[in-house]
Engineer: 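Got a structure for you, written out below as structure tokens; questions coming shortly.
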There are 2 protein chains.
Amino acid sequence: MARVTMADVAREAGVSAMTVSNVLNERLPVNEPTRARVMAAVAALGYEVNLTARHLRAGRTDTVAFIVPSFHDYFGEIADKIAPLIEADGRHLVLERTSASPEYEMAAVSVARLQYYDGVLLSVAGLDRDQLDRMRTPKPIVLLGERDVPDRFNHVRLANEEGARLATAHMIEHGSRRILALGCTFDTAHMMSSDRRAGWERALRDAGLDVDARHVVPVSTYTSAAGRDALLDVIASGLPFDGVFAVTDVIALGAIAALAESGLRVPVDVQLAGFDNLDMARFVPPGLTSVDANHEGVAETAVGLLRRQMAGWTGPAEHVVAPVSLVVRGSTRGGA
Amino acid sequence: MARVTMADVAREAGVSAMTVSNVLNERLPVNEPTRARVMAAVAALGYEVNLTARHLRAGRTDTVAFIVPSFHDYFGEIADKIAPLIEADGRHLVLERTSASPEYEMAAVSVARLQYYDGVLLSVAGLDRDQLDRMRTPKPIVLLGERDVPDRFNHVRLANEEGARLATAHMIEHGSRRILALGCTFDTAHMMSSDRRAGWERALRDAGLDVDARHVVPVSTYTSAAGRDALLDVIASGLPFDGVFAVTDVIALGAIAALAESGLRVPVDVQLAGFDNLDMARFVPPGLTSVDANHEGVAETAVGLLRRQMAGWTGPAEHVVAPVSLVVRGSTRGGA
DNA sequence: TGCCGTCATATTATCGATAAAATACGGCTT
DNA sequence: AAGCCGTATTTTATCGATAATATGACGGCA
């Protein structure tokens, strides 16, 4: 059976296609009896509008994309906050994933693909400033994430350095003196981990402690497994430490595993803090102290900026640094 | 600046639009010099195909949707497995979310929205058999999830009862006699939790143990917070127990929190097992014993069924029950 | 020289909806 | 009765690409 088109409905109702369109979109007024006939025909034939044709002609999809490196953890949680905000405007949110590889990310933001959407939230992971700069799209777009981006883009990122400083200072205050920066790096290309390293460093200096480069422990990937392995290596090496600042909660979870396996008690022997305050942080014993990334606020800010652009605003782009706060739990000595 | 269309490229290259289309799609052969001129024009103007127009005319989007109740946890992990399989066919995966409410789920699978996709993977959460039966779409579709579905749909689900039985039997074997079924229910409308309850019950009977209705502990939502609260209530009530089968790992995590807060040791005082074997299960001390839902295999099976349909197969639908296995970790006494 | 086949490229029609312009019609004024 | 107006509805053109069909150019062969 072929699809039912608007023309079929028009024929059934004895009117023109345009009248059907007017009834369904409430654009031009239609007399009640006519309207009723059209609605009856729609119901009788089970007609549903062809959104693709509408998009081609009207240039609107009522759909927003959130483009993320992976569907996991952090991004899943943020996406669940963003979705209701988009839906509140009568639009629809879809997620696309880029695998964190620059090629995929470029493909995902190719002008061709963006055509499907009225607006785009792009969580930047693989693209650097130059690549982003080459991206010329007329679509409303808001960038999220901890990389450096060209000025012309609206951008929401976290107060990474401040968050790391808060977490580290908190552990210093409660007695730690040798704190690892797990998953951090000196490589400034990866802003998230280098900014957080900078915050860790600043807390140490503020307290008059030495910064030991051996305490900066890189990870191969941002996974719990990599965090666990990296920390086990440190423990095996014999390097003494009494605190761990993990660059994300996912990595902190790996650290928890490594500490438990090694018989190190949290927070008695080692204090531990993470970053992102994922749902899971509340429940993993003894409770993971974490920098709260304020997902809700980030989502609201980003959607607000996007909404403004979709409404036609063309003023200068904004660069928002979302404030963070420390949520203290049992993995540090200030906690319950 | 207006968009660059295929006609613009054709003019620039001094050929017809059709020739441009043939060059880009490699449908009809084009002479090398002409081809080169077209490619040059494409590059010069920065042309990118309008996918919406292509879709309208050619009826193909090269996009597959995975429709899920939420972007969190389980679904995020599955989606990350599915994406590469879809991409291997040169297609693109997008996620849509339904909020687990029947209305949203109905809207998401309305014929109108499905038009955007060449195929759909639908994780059924809110829709019952009747509602699904009313869904008449010509699109290739595969259902995932633990609900009962009409025969005409391809469907992949887990061996829920067997998984729950395995986990429960394992705890019995290692000494538990009073095992809670946390998050389970007698309500057969919710197949996932009632099937898993049935498996728990069977393990008890097989071991000659009594089934105590007080041991079936419902949860208000499938979240860690609800799992924690429900288990704390049980503990406060004084009902004795020495094992917990949690209906999902997310709920098991809540149980871990509740047990830790109450000073009950895992696995010495209480053994604990979950279901889904999320990444997190490996890392939460002492390691969460869990029924492995075989995400990879489920993803492959579902994508295989979908691929077959997209290729034109019209044979009878298949109903696959994916096998599960028990992964033993430290939260039960068989573990390390 | 004339006819045919083949390959390359161009034309035409179409996917389904909608914006913009055109028309029909009844009522009301003068 | 002629003219005008506002409302309801229809007609026409279009979004941009592509399937199907048509045209053109050239070489081969009798």
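In what follows, chains carry the letters A, B, and so on, assigned in the order in which the sequence lines appear, proteins first and then strands, with residues in each chain numbered from 1.
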Engineer: Any heavy-atom pair between the side chains of B:Thr5 and B:Asp8 that's under 4.5 Å?
Structural biologist: yes

Engineer: I'd like to compare against my own output: the B/S/- annotation of nucleotides 20-27 of chain D with a strict under-4.0 Å heavy-atom distance to protein.
Structural biologist: B-------

Engineer: Which residues satisfy the side-chain hydrogen bond (donor to acceptor under 3.5 Å, both in side chains) test with A:Ser21, sequence neighbours excluded?
Structural biologist: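 With neighbours one apart ignored, the set is A:Asn25.
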
Engineer: Which residues satisfy the ring pair (Phe, Tyr, Trp, His ring centres under 6.0 Å) test with B:Tyr116, sequence neighbours excluded?
Structural biologist: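 B:Tyr116: no ring pair (Phe, Tyr, Trp, His ring centres under 6.0 Å) contacts found.
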
Engineer: What is the distance from CZ of A:Arg11 to P of D:dT9, rounded to the nearest Å?
Structural biologist: 19 Å

Engineer: What's the CE-P distance between A:Met6 and D:dT14, to the nearest Å?
Structural biologist: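 In whole Å, D:dT14 P and A:Met6 CE are 20 Å from each other.
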
Engineer: Identify all pairs in which a protein N or O lies below 3.5 Å from an N or O of nucleotides 4-8 of chain D, and state each distance.
Structural biologist:
{"unit_1": "D:dA8", "atom_1": "OP1", "unit_2": "A:Asn31", "atom_2": "OD1", "d": "3.2"}

Engineer: Taking only side-chain N and O atoms of A:Ser21, does any of them lie within less than 4.0 angstrom of OP1 or OP2 on C:dA17?
Structural biologist: no

Engineer: Taking only residues two or more places apart in sequence, or in another chain, which ones meet A:Pro150 in a side-chain contact (heavy atoms from CB on, under 4.5 Å)?
Structural biologist: A:Arg129, A:Leu132, A:Asp133, A:Phe153

Engineer: Have a look at the helix from C:dT1-D:dA30 to C:dT30-D:dA1 and give the angle its two end axes make, five pairs each, rounded to 10 degrees.
Structural biologist: 70°

Engineer: Sequence neighbours left out, what passes side-chain contact (heavy atoms from CB on, under 4.5 Å) with B:Arg308? Give chain and number order.
Structural biologist: B:Asn154, B:Leu305, B:Trp313, B:Glu318

Engineer: Would you mind reading off the distance between B:Glu26 atom CD and C:dA8 atom P, rounded to a whole angstrom?
Structural biologist: 14 Å

Engineer: Expressed as a whole number of angstroms, how long is the span from A:Asp62:CG to C:dT18:C1'?
Structural biologist: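 Taking atom C1' of C:dT18 as the reference, CG of A:Asp62 is at 14 Å.
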
Engineer: Using modelled atom types and a 3.5 Å cut-off, is there a donor and acceptor pairing between side-chain atoms of B:Asp118 and backbone atoms of B:Asp62?
Structural biologist: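 Pair found, side chain donor or acceptor close to backbone of B:Asp62.
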
Engineer: To the nearest 0.5 Å, tell me how far B:Arg91 CZ sits from B:Thr63 OG1.
Structural biologist: 9.5 Å

Engineer: Partners of A:Ala302 by side-chain contact (heavy atoms from CB on, under 4.5 Å), sequence neighbours excluded?
Structural biologist: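 Only A:Leu121, A:Val142, A:Leu144, A:Val156 meet the side-chain contact (heavy atoms from CB on, under 4.5 Å) criterion with A:Ala302.
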
Engineer: Any chance CE of B:Met39 has more than 12 other-residue heavy atoms, nucleotides or ligands included, within less than 6.0 Å?
Structural biologist: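 Counting other residues, nucleotides and ligands, CE of B:Met39 stays at 12 neighbours or fewer.
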
Engineer: Expressed as a whole number of angstroms, how long is the span from A:Asn22:CG to C:dA17:C1'?
Structural biologist: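 Distance, rounded to whole Å: 12 Å.
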
Engineer: List in chain and number order the residues that pass side-chain contact (heavy atoms from CB on, under 4.5 Å) with B:Glu26, two or more places apart in sequence or in another chain; answer none if no residue qualifies.
Structural biologist: none

Engineer: Which of residues 42-61 of chain A have a heavy atom under 4.0 Å from DNA chain D?
Structural biologist: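 Within residues 42-61 of chain A, the residues near DNA chain D are A:Leu56, A:Arg57.
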
Engineer: Residues two or more places apart in sequence or in another chain: which of them pass side-chain hydrogen bond (donor to acceptor under 3.5 Å, both in side chains) with B:His55?
Structural biologist: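 Testing B:His55 for side-chain hydrogen bond (donor to acceptor under 3.5 Å, both in side chains), a comparison that skips the adjacent residues, returns A:Thr52.
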
Engineer: Would you mind reporting whether A:Glu87 and B:Arg97 have side-chain heavy atoms less than 4.5 Å apart?
Structural biologist: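 Yes, close enough: below the 4.5 Å cut-off.
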
Engineer: Roughly, in whole Å, what's the span from CD in B:Glu32 to C1' in C:dC7?
Structural biologist: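 In whole Å, C:dC7 C1' and B:Glu32 CD are 16 Å from each other.
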
Engineer: Ignoring hydrogens and geometry, is there a side-chain-to-backbone donor-acceptor pair from B:Asp80 to B:Glu77 under 3.5 Å?
Structural biologist: no

Engineer: Within less than 4.0 Å of OP1 or OP2 of C:dC15, is there a side-chain N or O belonging to A:Thr5?
Structural biologist: no

Engineer: Name the nucleic acid region contacted by B:Asn25, choosing base, sugar-phosphate or nothing; use a 4.0 angstrom heavy-atom cut-off, strictly under.
Structural biologist: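 Contact class for B:Asn25: sugar-phosphate only.
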
Engineer: Tell me, please, which residues at least two apart from B:Tyr74 pass ring pair (Phe, Tyr, Trp, His ring centres under 6.0 Å).
Structural biologist: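 Scan of B:Tyr74 (ring pair (Phe, Tyr, Trp, His ring centres under 6.0 Å), adjacent residues dropped) gives B:His295.
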
Engineer: B:Gln115 CD to C:dG16 P: how many Å, rounded?
Structural biologist: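 My rounded result for the distance is 9 Å.
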
